[in-house]
Amino acid sequence: MKTDIEALVRPNIRTLCPYSTARDEYKGSVGIFLDANESPYPTGYNRYPDPRQQALKEQISAIKGMPAANIFLGNGSDEAIDLMFRIFCSPGENAVAISPSYGMYSVAAAINDVEMRPVQLGEDFSLPVEELLAACDAKTKLLFLCSPNNPSGNAFAQEDLEFLIREFRGIVVLDEAYADFSSRESLRSKVQEYPNLVVLQTLSKAWGLAGLRLGMAFADEYIIRLMSAVKYPYNISQAALQLASKALSQPVGERLEEIKAQRSRLFDALPSFGFVRRVYPSEANFLLVKVDDADALYNHLLSDGIIVRNRSRVKGCEGCLRITVGLPEENDKLLQSLDNYEKGNIR
Ligand code: PMP
């Protein structure tokens with residue numbers, strides 16, 4: 001199977017001779033380091049960070065139950081998305097993605113001069129399994145799936161996802177940025193079984209570290225080696241490595257439970273407003289809400305200092321606002337503001 005994957009890699013990447021850093025050439029940690037043209041003055045950050053991020057990978061390995069060799073760390077999962085195009089797609093080739101979904105798949109495709117073929121989700125944002133396969137041709141290298149999906153919030157059935165991974169003759173990128181909020185199991189351990197599967201997760205959501213920029217990809221060792229060869233040598237800063245290590249030693253389970261409880265609270269409360277037409281079930285830390293006049297409600301919330309995402313101009317999300325679950329007191333204010341809007345709207 002590895003040879004099948006190798007055939008999908010861009011020829012220039014298959015033969016790439018990656019940059020070798022000073023830290024690749026000498027791996028010891030004690031000595032007088034005169035090899036990397038660093039400053040000898042100890043500012044705390046005068047040395048380059050570990051380009052392989054071994055210590056942090058081992059910490060993540062213990063948390064995620066995945067061997068470190070199956071983990072890539074990037075500057076957010078956005079870096080991993082971009083790397084997929086840089087490794088697998090030449091201009092003239094294409095990628096398929098569910099739609100609506102996370103906007104960076106299309107942006108990364110456009111930057112890399114690769115055609116993106118969006119496939120509209122079905123009724124109630126269901127996974128259009130047959131349509132996705134029908135959109136693929138011999139030049140389709142990547143298939144982007146996102147579960148739970150942004151902005152719809154729903155997660156897809158494991159058997160449907162696995163069916164696509166088995167049927168598709170290219171790389172399936174399964175974005176699980178919101179997996180920690182979902183009752184469904186992550187498919188990351190399936191990378192042992194499927195060499196064409198790349199699962200993306202992030203420290204930006206459940207771990208509360210969006211400002212740090214740390215994304216993870218889980219994949220077969222061969223793909224991880226390609227990603228490591230193509231990334232910038234020092235893509236994760238020393239500060240990010242240290243802060244992430246500290247944050248990962250503190251459990252986030254209670255916060256996750258609170259966010260899920262607040263999500264249920266909003267899910268139950270929102271339909272009681274007359275202007276709310278539909279609250280879509282969510283397995284993420286946000287709710288997609290269809291309302292009578294999305295622009296008017298968006299502006300009303302804004303005037304109360306509450307900023308939500310207006311998705312009403314996204315195909316398939318007409319009339320929808322996407323609302324992130326906040327702290328209990330922030331959600332109180334949201335509900336209060338919606339109540340005021342309703343009363344103001346009653347003629
Ligand atoms: N994937 C999805 C589905 C997202 O919604 C987001 C951010 N909103 C990302 C990836 C990007 O995550 P990161 O901060 O790790 O780059």
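Atoms within a ligand are numbered from 1 in the order they appear, just like the ligands themselves.
- Counting non-hydrogen atoms of neighbouring residues, nucleotides and ligands closer than 6.0 angstrom, the NZ atom of K260 exceeds 12 such neighbours.
- Here CD of E79 is found 7.5 Å from CE of M227. Values are rounded to the nearest 0.5 Å.
- Taking the six-membered ring for Trp and the full ring otherwise, F72 and F218 have centroids separated by 6.0 Å or more.
- Contact shell of ligand 1 (protein heavy atoms, cutoff 4.0 Å): G76, S77, D78, Y102, C146, N150, D175, A177, Y178, T202, S204, K205, R213.
- Y105 and Y102 have their aromatic ring centers within a separation under 6.0 angstrom.
- A donor-acceptor pair shorter than 3.5 Å can be found between the side chains of Y194 and R166.
- Using a 4.0 Å cut-off between charged nitrogen and carboxylate oxygen, K27 and D50 do not count as a salt-bridge pair.
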